[in-house]
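What follows is a set of notes on a single structure, which appears directly below.
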2 protein chains.
Amino acid sequence: MAPDRRKMIVAAATKSFSLFGYKATTMDQVAKLANVGKGTIYTFFKNKEELFEEIISSLVKEMIVEADSAIQLELSFTENVHRALYRLLEFRSQHQLMIKLVQEEAEMGTLAVSEMLQHVENEIIDYLKQKIETAIAKGAIPEANTEITSFLLLKMYIALVSDWERNHAPLSSEQIAEIMKVFLLKGLQK
Amino acid sequence: MAPDRRKMIVAAATKSFSLFGYKATTMDQVAKLANVGKGTIYTFFKNKEELFEEIISSLVKEMIVEADSAIQLELSFTENVHRALYRLLEFRSQHQLMIKLVQEEAEMGTLAVSEMLQHVENEIIDYLKQKIETAIAKGAIPEANTEITSFLLLKMYIALVSDWERNHAPLSSEQIAEIMKVFLLKGLQK
DNA sequence: CTATTGACTAAATTAGTTTTTTGGTCAAAT
DNA sequence: ATTTGACCAAAAAACTAATTTAGTCAATAG
């Protein structure tokens, strides 16, 4: 049974990116961790960035599985939006690789990392967009610009979960759900 | 009529900060621009940062005057929130000093500048908070956590006006007003 | 006397140079 | 047909020297 070199490489790179970040991970290190010659990496991946892309791509798939598993058909659309988003942001704050990448972007501003995080954000927005389109088709919510709506939903969520904590004590899931309800359901108008 | 040295210094520093940013402005330069010996600056201000603070403090006052002038009593609360916020973000994108500081934060990450922009943001949130409290007292909108609500309102606005433009064509004032209405007034629920 | 100044200094920043590291290649080995 | 690691150019880091700058304070001016 020959070891699957490709998988070893991806596993090693994932581990190293999670531990040290993108920039501080060297291809020599990945090769050593994967018990593989450095050249072998380049038979599977064009370069470091493509290896990174593959890993992020898997990560996004994982996230979507997570979000989907949070959705329950018997609940309302609004409730499910909250549940899916909350699961996604929990994922972001609990997965070692995501934590490291967010940190690397903040501290060093590594370009490849910024691009990749932007990409992840866009994927999440696309995911939300699809859910919103389905809800509109089913007549569950009124028509709207789905691109802007999904964009704004995510931004609101990030504001509540991450930005808020810069100056205040973190909000509980229940508090966030309550706030979302005010904005999504009733609006501020009496 | 002795020239008011303090005013000359503040004027010179404002000009230089607007033109070159915080870091690239030297105290020698400010002194020369203000036709004043460098030591004189330090009889009025403890250090460079305190001089900066005074200028930002004036800026915030200007912004509040701007926002207030956008408010019209005969319009609805929601409409006025939109008008005031729009005026504030217009201010940010049109005032030379603000433009320069936002740019300096993005490009160089100057700490003193980041702190000052955070301070400006907090002042805006405080301003919104007062308006919301008044509206609640008048019974115009339902009760809510005013701290979170004002925070979220600003974040939504910045998302629509600034973040959106990273990947899309800018939204017009009318479009933004429409989106705000959906979220503040009606919610997404049918 | 008080208010103002600019030469002065310690500390920080920048510029220039050398050394080390790193992504990627490819001839040799398996 | 795969895999490898010595090798290379280019990028990054480390180091140093030279310059700049915030802030001080003894001398000066009014």
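We name chains A, B, ... by the order of the sequence lines, and we start the count at 1 in each one. Owing to the predicted nature of the structure, the values given are computational and were not obtained by experimental measurement.
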Query - Contacts of type salt bridge (Lys or Arg N to Asp or Glu O under 4.0 Å), residue B:Lys129, not counting sequence neighbours - result: B:Glu147
Query raised in the report: Of A:Glu53, A:Lys61, A:Glu54, which meets side-chain contact (heavy atoms from CB on, under 4.5 Å) against A:Ser57?
Result: A:Lys61
Query - Protein-nucleotide distance (A:Phe20, atom CZ; C:dT21, atom C1'), rounded to Å - result: 16 Å
Query raised in the report: Salt bridge check: are B:Lys23 and B:Glu107 linked by an N-O gap of less than 4.0 Å?
Result: no
**Report entry** NZ or CZ of B:Lys100 within 45° of B:Tyr22 ring axis and under 6.0 Å
**Finding:** no
Query raised in the report: Could you write nucleotides 23-30 of chain C as a row of B, S and -, 5' to 3', where a protein heavy atom under 4.0 Å of any base atom gives B, of only sugar-phosphate atoms gives S, and otherwise -?
Result: BBBB----
Requested in this report: May I ask you to decide if the ring planes of B:His95 and B:Phe91 are parallel, tilted or perpendicular, using 30° and 60° as cut-offs?
Outcome: parallel
Query raised in the report: salt bridge (charged side-chain N to carboxylate O under 4.0 Å, His left out): which pairs involve residues 66-90 of chain B, sequence neighbours left out?
Result: B:Glu66-B:Arg87, B:Asp68-B:Lys131
Report task. Kindly write out the residues that satisfy side-chain hydrogen bond (donor to acceptor under 3.5 Å, both in side chains) with B:Thr43, not counting sequence neighbours, or none if the list is empty. Result -> none
Report task. Please round to the nearest 0.5 Å and tell me the distance separating atom CD1 of B:Ile148 and atom CD1 of B:Ile125. Result -> 11.5 Å
Report task. Output the residues of residues 109-120 of chain B in contact with DNA chain D, where contact means a heavy atom of the residue under 4.0 Å from an atom of the strand; sort by number or write none. Result -> none
Query raised in the report: If you find the nucleotide of DNA chain C closest to B:Met108 and the one closest to B:Asn35, which residue's nucleotide is nearer the 5' end?
Result: B:Asn35
Query raised in the report: What is the minimum heavy-atom distance between B:Asn47 and B:Tyr42, and which atoms define it?
Result: CA-CE2, 4.0 Å
Query raised in the report: Between which nucleotides of DNA chain D, read 5' to 3', does contact with chain A run, using atoms under 4.0 Å from its heavy atoms?
Result: D:dT3 to D:dA13
Query - Polar side-chain atom of A:Glu121 near backbone of A:Leu117 as donor-acceptor pair, under 3.5 Å - result: no
